[in-house]
J.: 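Questions regarding the structure given below will be posed in turn.
Order of the sequence lines sets the chain letters (A, B, ...), proteins ahead of strands, with each chain counted from 1.
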Amino acid sequence: MDKTYNPRAIEQHWYRIWDERGYFAPRPARPGAGSFCIMIPPPNVTGSLHMGHAFQDTLMDTLVRYHRMRGDATLWQAGSDHAGIATQMVVERQLAGEGSDRVSLGRERFVERVWQWKAESGNAISGQLRRLGASLDWSRERFTMDEGLSRAVREVFVRLHEEGLVYRGKRLVNWDPVLKTAISDLEVVSEEERGHLWHLRYPLADADGEPSGEYLVVATTRPETMLGDTAVAVHPEDERYRHLIGRRVCLPLTGRLIPVIGDDYVDPEFGTGCLKITPGHDFNDYAVGQRHSLPLINVFTPDARIGDRAPEPYRGLDRFDARERIVEDLRAQGLLEAVTDHTLMVPRGDRTGEILEPYLTDQWFVRVKPLAGPAIEAVERGDIRFVPGNWARTYFEWMRNIEDWCISRQIWWGHRIPAWYDPDGNVHVGRSEAEARRRGGLTDDVPLEQDHDVLDTWFSSALWPFSTLGWPEDTQALRTFYPTSVLVTGFDIIFFWVARMIMMGLKFTGEVPFRDVYIHGLVRDSDGQKMSKSKGNVLDPIDLIDGIDLESLVAKRTRGLMQPQMARSIEKATRRHFPHGIPAFGTDALRFTFAALASTGRDIRFDLNRVEGYRNFCNKLWNAARYVLMNTDGQDLGADAGERSLSQADRWILSRLSRTIDAVHEHIAAYRFDLMAHALYEFVWDEYCDWYLELSKATLHDDGADARARRGTRHTLLRVLDGILRLLHPLMPFITEEIWQRVAPLLGAGGDAPETICLQPCPEPGELARDDAAETEMQWVMEFVLGLRRIRGEMDIAPGRALPVVLQDADPRSRERVDSHRAYLDSLGRLESIRFLDAGETPPQAATALLGRMKILVPMAGLIDTSAELERLDRQMAKLEQNLGRTRRKLANDSFVQKAPAEVVDKERARLDSLSRSLDELRAQRERIAALD
RNA sequence: GGGUGCUUAGCUCAGCUGGGAGAGCAUCGCCCUUACAAGGCGAAUGUCGGGGGUUCGAAUCCCUCAGCACCCACCA
């Protein structure tokens with residue numbers, strides 16, 4: 001083995017082998033095991049792997065590998081999402097680069113072009129997932145536009161339609177004037193922006209419809225929509241205006257007469273208390289219009305220009321140009337009373353960032369309320385559990401106030417709506433044109449035209465947990481893996497995806513789609529900022545794995561910016577943050593970092609120092625393995641090599657491993673990946689490496705040691721290492737496989753699947769015995785060694801210098817221990833000699849450490865500086881005194897002694913006892929040394 | 001306008017049902033000791049956001065204030 005761990009040399013090699021040999025395909029469950037399934041949240045075909053994916057996929061892979069090792073029939077379903085709008089935009093941008101566009105290409109050729117793009121450059125992410133070590137079953141990879149999944153989509157649409165849960169209707173919807181499509185409420189992101197409130201004068205008309213000379217003042221943030229006003233509303237109780245209800249105003253610029261109505265939607269406190277009503281371009285006004293049977297005038301074209309229903313001078317103007325023009329015209333007519341600053345919520349499309357328009361169109365909707373009921377109950381009943389649990393509140397909140405879902409999109413890339421129109425405009429829904437025709441009782445000669453719209457991408461995503469398993473067929477996969485075990489996802493798509501999967505799953509399979517929903521936080525940069533291309537602070541997980549030089553990183557971050565003027569500041573920040581670029585940390589270190597940072601529910605700040613620390617951990621493990629192999633390879637190991645006996649240290653580390661096994665299982669069951677990672681980190685570094693490997697040297701380097709003991713220690717070194725590798729494998733698949741390949745033959749391990757650690761059984765609780773006696777003994781050894789080390793460290797005595805040690809007040813038990821653990825003490829403490837002080841013998845001038853009642857003395861002659869030792873003792877005594885004071889006060893408190901549980905009081909008394917004894921010892925020791933001076 | 005989360009060492013964060021605050025990184029000493037300098041050994045570090053309450057006892061439970069972040073919502 002190389003002296004230094006080199007991830008590059010091992011990672012890609014192993015993934016290829018795993019993949020080729022089909023280890024990731026589900027196998028039959030081992031006896032007593034069950035099944036386990038995770039559906040990957042299908043990444044967009046347009047996407048590439050970002051830190052959020054890497055984080056999420058690491059957690060999923062950890063769960064999947066763990067269950068696979070435990071013998072469950074395990075499936076991690078691979079696939080990707082056609083991502084309608086996102087993908088269409090990518091290809092359209094490409095066309096634009098070629099001086100073309102989709103309209104001139106035509107629908108059919110455009111869709112072909114998207115498929116072609118998908119074949120050539122889609123799915124970059126699956127290669128990146130492989131780099132991450134993700135053990136997805138690629139043989140079952142699905143795409144949401146595959147024939148099978150498309151069939152499921154049609155099936156669901158038709159069945160929902162049959163039940164009246166899908167309907168077509170003319171409604172105001174959120175309209176993106178750039179994409180020229182409707183989008184759902186969820187795709188609207190409203191943000192506060194600074195704008196104005198225009199106060200417009202609307203002249204009141206007299207009974208004959210002539211100007212009366214009076215006027216009302218309405219306040220609006222969108223003056224251009226006034227062309228579509230069909231009423232002015234006031235609050236019916238508003239003393240200022242109630243007498244005007246029923247009169248008419250003459251709508252400026254149009255000459256139309258519109259009524260003044262009373263509606264308590266109007267807030268008399270806001271603006272002027274008079275509200276212009278534009279049912280065609282505002283959701284609230286639409287509702288008011290419905291209540292008062294107002295006409296509805298659509299003044300916009302689909303790309304948000306002024307259309308034909310507006311007065312001639314404004315036609316063809318963009319909405320914002322029209323705004324300026326209208327305001328100017330009103331001003332010229334003396335109808336602009338005031339313009340004030342106003343911050344308002346502006347709705348924008350999440351894809352285009354464009355300001356959306358409420359727009360009246362024919363769309364398809366899902367009637368959600370009937371589906372939401374059972375979905376709420378499933379979570380209430382606990383059939384589905386959110387982790388952490390408080391996300392259930394968010395879910396309930398949304399589900400209880402849910403509105404119908406607009407599912408039609410006026411784009412070309414997606415599942416085309418399975419509805420056909422006959423020449424009379426009647427709609428016929430069916431799984432195919434033939435079925436639609438049959439159902440409509442239409443003969444073959446009636447021409448039918450399929451609906452032009454496609455479905456919202458999330459419609460097919462909602463079916464993902466069962467459509468990927470073959471639904472509507474009753475497949476073996478469906479029976480084995482549905483309901484799936486856990487969904488791992490971010491909180492940002494609870495509404496988009498999680499809720500809809502639950503509704504559709506329950507509706508069409510009668511069962512929940514998953515048992516647990518693990519919601520993780522957002523990966524932010526080290527300053528807590530959201531990572532985004534425009535901020536120039538994104539990290540590419542692959543760059544953390546392979547490393548990247550500074551210039552390439554700068555180039556990558558400043559290329560293709562929406563706002564090129566940001567390039568300079570991004571470059572500066574990048575050079576400051578990564579003066580030497582990013583070193584190659586390897587996949588395992590990156591994965592371990594994600595796991596260690598995955599404490600529940602909170603966002604994580606991604607800090608390169610953490611990755612470096614865990615890369616070092618990999619190196620530590622690597623070198624521990626080197627040590628073990630150096631000391632075991634070629635040695636007599638097998639059961640036939642001779643008897644083995646276990647030392648105290650061997651028993652101790654096995655007992656500690658047993659505790660670690662329990663902890664790992666417990667933490668992973670609770671989705672505490674961070675605690676799992678920490679438990680393993682501590683066991684490997686602090687116990688196995690820092691203590692056990694050192695203890696083993698006492699046995700292995702001692703030529704006089706018993707052969708059985710040496711065999712026992714060699715075997716334990718291997719056995720514990722093997723356990724560590726298996727426990728770590730779900731987190732760090734590559735390094736563990738690489739090392740395990742060398743360790744397993746020495747142990748004769750491998751069982752049914754000798755060729756890979758991926759299929760080895762996971763160490764199970766109870767597999768190893770606890771050994772409390774050994775733990776107590778080794779605790780004593782460690783305290784002995786630590787006492788010496790402290791003296792050595794604080795006295796600046798070189799670690800290599802062997803120390804003579806004198807023991808005072810050693811009881812028989814301690815003498816026994818010194819005797820039986822002598823080899824450990826000599827080796828770890830670097831002792832030159834040990835001598836017991838006889839009763840009554842004067843102790844030498846020495847530095848002191850206490851171990852129970854026994855004093856460990858390191859004679860000062862030539863080694864120790866008197867004043868330094870006095871200082872050291874003073875520091876220790878001060879600390880003891882502080883603790884003693886607190887303990888005394890506590891015990892002096894009657895109500896504590898009376899009311900606290902006896903065991904707590906006893907503990908406090910014992911503490912008082914031992915603290916005061918220790919203090920006495922140190923005080924006496926200090927006096928002796930001081931006297932010498 | 002509703003709702004959620006966060007505030008613990010210089011930094012990033014653990015701390016489960018209340019019983020002497022921990023880790024990693026950074027810092028400071030001593031060491032290239034035969035697995036590892038991507039290392040070893042040792043040291044230092046905290047009014048657990050402020051205030052109040054419950055309790056023998058609060059980082060932990062309750063109330064309140066402050067700051068930060070996020071989500072939802074139709075006030076022009």
Side-chain angles (χ1 to χ4, degrees), chain A residues 1 3-5 190 197 218-222 225 233 265-267 269-278 282-287 342 344-345 358 388 390-391 393-394 397-398 401 491-492 494-495 521-522 524 526 528 583 585 589 596-597 599 601-610 612-631 666 670 672 674-675 678 681-682 686 689-690 693-694 697 701 785-786 789-801 830 875 883 886-887 890 893-901 903-905 907-908 911:
Chain A
M1 282 173 88
K3 189 170 171 182
T4 302
Y5 157 69
S190 294
L197 204 52
V218 298
T220 179
T221 55
R222 302 209 50 200
T225 64
Y265 163 69
V266 180
D267 176 2
E269 306 294 316
F270 189 91
T272 60
C274 295
L275 175 61
K276 68 192 241 351
I277 301 297
T278 322
D282 184 282
F283 290 102
N284 293 310
D285 293 5
Y286 182 80
H342 181 66
L344 67 162
M345 294 296 276
N390 45 295
W391 287 109
R393 291 182 64 120
T394 307
E397 177 69 17
W398 189 68
N401 299 297
F491 57 85
D492 48 332
I494 291 180
F495 306 145
L522 197 70
R524 297 171 174 276
S526 57
F585 294 116
L597 292 175
S599 45
R602 78 148 83 185
D603 289 353
I604 63 177
R605 290 194 188 201
F606 197 86
D607 188 349
L608 281 194
N609 291 327
R610 286 297 279 268
E612 187 182 348
Y614 294 124
R615 191 270 320 261
N616 295 351
F617 176 63
C618 292
N619 191 50
K620 189 76 180 173
L621 178 65
W622 184 261
N623 278 291
R626 280 181 63 222
Y627 168 82
V628 172
L629 291 168
M630 274 177 204
N631 283 285
E666 191 182 303
R672 288 303 304 266
D674 56 332
L675 298 181
H678 286 135
Y681 183 97
E682 279 170 20
D686 300 343
C689 291
D690 284 351
L693 296 193
E694 296 307 317
K697 290 174 187 171
H701 294 178
V785 172
L786 286 170
R789 281 182 183 166
R790 207 166 295 132
I791 291 174
R792 208 190 271 278
E794 287 171 35
M795 295 297 148
D796 288 352
I797 301 171
R801 176 143 188 193
R830 289 267 156 153
R875 269 205 311 274
N883 285 338
R886 213 181 330 173
T887 308
K890 216 167 192 179
N893 180 350
D894 283 342
S895 53
F896 170 73
V897 178
Q898 280 159 24
K899 294 186 182 170
E903 58 191 75
V904 174
V905 178
K907 201 168 124 198
E908 218 55 39
R911 179 174 307 170

J.: Taking CE from A:M795 and C1' from B:G29, how many angstroms apart are they, rounded to a whole number?
T.: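 The answer, rounded to whole Å, is 13 Å.
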J.: Distance check, rounded to the nearest 0.5 Å: A:L608 atom CG versus A:R615 atom CZ?
T.: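 Result: 11.0 Å between the selected atoms.
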J.: For A:F270 together with A:H342, are the ring centres under 6.0 Å from each other?
T.: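 Yes, the ring centres sit under 6.0 Å apart.
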J.: Is any side-chain heavy atom of A:W398 less than 4.5 Å from a side-chain heavy atom of A:I494?
T.: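 A side-chain contact is absent here, since even the closest heavy-atom pair is not under 4.5 Å.
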J.: Can you tell me how far C1' in B:U7 sits from the matching atom in B:G40, rounded to whole Å?
T.: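 The answer is 37 Å between these two C1' atoms.
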J.: Should A:S599 be listed as having a side-chain N or O under 4.0 Å from OP1 or OP2 of B:A14?
T.: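 Yes, such a contact exists.
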J.: Measure the distance from OH on A:Y614 to C1' on B:C25 and round it to the nearest whole Å.
T.: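 Value for this atom pair: 10 Å.
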J.: Taking pairing as Watson-Crick or G-U wobble with both contacts under 3.5 Å, can you name the mate of B:U47, or confirm there isn't one?
T.: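 Across all strands, not a single nucleotide pairs with B:U47.
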J.: Would you mind pulling out the nucleotide paired to B:G1, Watson-Crick or G-U wobble, both distances under 3.5 Å?
T.: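 Paired with B:G1, as far as the under-3.5 Å criterion goes, is B:C72.
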J.: Within the structure shown, what part of the strands sits under 4.0 Å from A:V897 by heavy-atom distance: base, sugar-phosphate, or nothing?
T.: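 The answer is nothing, as A:V897 stays clear of every strand by at least 4.0 Å.
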J.: Aromatic ring centroids of A:Y614 and A:Y681 under 6.0 Å?
T.: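 Yes.
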J.: Using the side-chain heavy atoms of A:R672, tell me which of these nucleotides is nearest: B:G15, B:C36, B:A76.
T.: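 Ranking B:G15, B:C36, B:A76 by closest atom to the A:R672 side chain puts B:G15 first.
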J.: What distance, rounded to whole Å, do you find between the two C1' atoms, one in B:A38 and one in B:C70?
T.: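 Straight-line distance between the two C1' atoms is 38 Å.
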J.: So, do A:R830 and A:R801 sit near enough that their side-chain heavy atoms are less than 4.5 Å apart?
T.: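 A side-chain contact is absent here, since even the closest heavy-atom pair is not under 4.5 Å.
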J.: Using a heavy-atom cut-off of 4.0 Å across all strands, would you classify A:L786 as base, sugar-phosphate, or nothing?
T.: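 A:L786: backbone/sugar contact only, no base atoms under 4.0 Å.
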J.: Can you check whether any acceptor in the base of B:A35 is under 3.5 Å from a donor in the side chain of A:E694, or vice versa?
T.: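 Counting by modelled atom types and ignoring angles, a donor-acceptor contact under 3.5 Å is found here.
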J.: Just the rounded figure in Å: distance from P of B:G24 to CZ of A:R615.
T.: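 In whole Å, B:G24 P lies 17 Å from A:R615 CZ.
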J.: Give the nucleotide from the list B:A76, B:C56, B:C36 with an atom nearest to the side chain of A:T220.
T.: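 Nucleotide nearest to A:T220's side chain: B:A76.
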J.: Among the candidates B:U34, B:C36, B:A73, find the nucleotide nearest to the side-chain atoms of A:R626.
T.: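 Closest nucleotide to the A:R626 side chain: B:C36.
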J.: In whole angstroms, how far is the P atom of B:C56 from the NZ atom of A:K890?
T.: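 Checked: the NZ to P distance equals 14 Å.
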J.: Consider the side chain of A:K620, meaning its heavy atoms from C-beta on, and name the nucleotide among B:A76, B:C56, B:G40 that approaches it most closely.
T.: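 Taking heavy atoms from C-beta onward, the closest nucleotide is B:G40.
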J.: Measure from the side chain of A:P901, starting at C-beta and using heavy atoms only, and say which of B:G42, B:G19, B:C41 lies closest.
T.: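 That would be B:G19.
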J.: Identify which nucleotide among B:C74, B:U34, B:G39 has an atom closest to any side-chain atom of A:N616, counting heavy atoms from C-beta outward.
T.: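 Among B:C74, B:U34, B:G39, the one nearest the side chain of A:N616 is B:G39.
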J.: Under 4.0 Å from OP1 or OP2 of B:G42: is there any side-chain N or O of A:R792 that close?
T.: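 The answer is no; no side-chain N or O of A:R792 sits under 4.0 Å from OP1 or OP2.
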J.: Determine: side-chain N/O of A:K697 to OP1/OP2 of B:A35, distance under 4.0 Å, yes or no.
T.: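 For B:A35, OP1 or OP2 has a side-chain N or O of A:K697 closer than 4.0 Å.
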J.: Got a second to check how far A:R610's CZ is from A:R605's CZ, nearest 0.5 Å?
T.: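 One gets 13.0 Å once the value is rounded to the nearest 0.5 Å.
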J.: State the pairing partner of B:A14; accept Watson-Crick or G-U wobble contacts with both distances under 3.5 Å, and report none otherwise.
T.: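 Per the H-bond distance test, none.
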J.: Nearest of B:U33, B:U4, B:A38 to any side-chain atom of A:R393?
T.: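 Nearest to the side-chain atoms of A:R393, counting from C-beta on, is B:U4.
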J.: Which base, if any, makes a Watson-Crick or G-U wobble pair with B:A66, both distances under 3.5 Å?
T.: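 Base partner found: B:U7.
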J.: Between B:G2 and B:G15, how many Å separate the two C1' atoms, rounded to a whole number?
T.: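 So the two C1' atoms sit 32 Å from each other.
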J.: Considering only B:G24, B:C71, B:C56, which nucleotide approaches the side chain of A:R610 most closely?
T.: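 Selected nucleotide (nearest to the side chain): B:G24.
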J.: For nucleotides B:C11 and B:G50, find the distance between their P atoms and express it as a whole number of Å.
T.: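 Going atom to atom, P in each nucleotide, I get 15 Å.
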J.: Classify A:Q898 by what it touches in the nucleic acid, base, sugar-phosphate, or nothing, heavy-atom distance under 4.0 Å.
T.: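 Nothing: the residue A:Q898, judged by heavy atoms under 4.0 Å, touches no strand.
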J.: For B:C16 versus B:C62, give the span between their P atoms, rounded off to a whole number of Å.
T.: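 My reading of the P atoms in B:C16 and B:C62 gives 13 Å.
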J.: Measure from CZ on A:R790 to P on B:C41 and round the result to the nearest Å.
T.: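 The distance from CZ of A:R790 to P of B:C41 comes to 13 Å, rounded to the nearest Å.
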J.: Remember a base hit wins even if backbone is also touched, and classify A:D607 as base, sugar-phosphate or nothing at under 4.0 Å, heavy atoms.
T.: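 The residue A:D607 makes no contact with any strand.
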J.: Find the distance A:N609:CG to B:C25:C1' and express it as a whole number of Å.
T.: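 Distance, rounded to whole Å: 6 Å.
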J.: Is the phosphate of B:U12 approached by A:R605 (side-chain N or O, under 4.0 Å from OP1 or OP2)?
T.: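 The answer is yes; a side-chain N or O of A:R605 sits under 4.0 Å from OP1 or OP2.
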J.: Using atom P of each nucleotide, how far apart are B:U12 and B:C72 to the nearest Å?
T.: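 One P to the other, the span is 27 Å.
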J.: How many Å lie between OH on A:Y681 and P on B:A38, as a whole number?
T.: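 Whole-Å distance recorded here is 15 Å.
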J.: Among B:U34, B:G24, B:U4, which is the nearest nucleotide to the side chain of A:H701?
T.: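 Among B:U34, B:G24, B:U4, the one nearest the side chain of A:H701 is B:U34.
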J.: Taking a pair as Watson-Crick or G-U wobble with both distances under 3.5 Å, which nucleotide is matched to B:U54?
T.: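 Base partner found: none.
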J.: Looking at B:U7, I'd like to know if its phosphate oxygens (OP1 or OP2) sit under 4.0 Å from a side-chain N or O belonging to A:R602.
T.: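 The answer is yes; a side-chain N or O of A:R602 sits under 4.0 Å from OP1 or OP2.
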J.: Could you please name the partner base of B:A38, counting Watson-Crick and G-U wobble pairs only when both distances are under 3.5 Å?
T.: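 Paired with no nucleotide.
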J.: Tell me the interatomic distance from A:R875, atom CZ, to B:G29, atom C1', rounded to whole angstroms.
T.: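 About 11 Å, once rounded to whole Å.
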J.: If you round to the nearest 0.5 Å, how far is OG of A:S599 from CZ of A:R672?
T.: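 Between atom CZ of A:R672 and atom OG of A:S599 there are 6.5 Å.
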J.: Now, which nucleotide makes the Watson-Crick or G-U wobble pair with B:A59, with each of the two distances under 3.5 Å?
T.: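 Matched B:A59 with nothing under the 3.5 Å cut-off.
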J.: Measuring only between side-chain heavy atoms, which start at C-beta, is A:K276 closer than 4.5 Å to A:T225?
T.: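 Answer yes - side chains close enough.
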J.: Sticking with atom P, work out how far B:U60 lies from B:C41, rounded to a whole angstrom.
T.: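 35 Å, rounded to whole Å.
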J.: The side chain of A:N284 lies closest to which of these nucleotides: B:C70, B:G42, B:C74?
T.: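 Of the options given, the side chain of A:N284 lies nearest B:C74.
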J.: Take atom P in B:G42 and the same atom in B:G24, then report the distance between them in whole Å.
T.: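 Looking at atom P only, B:G42 and B:G24 are 12 Å apart.
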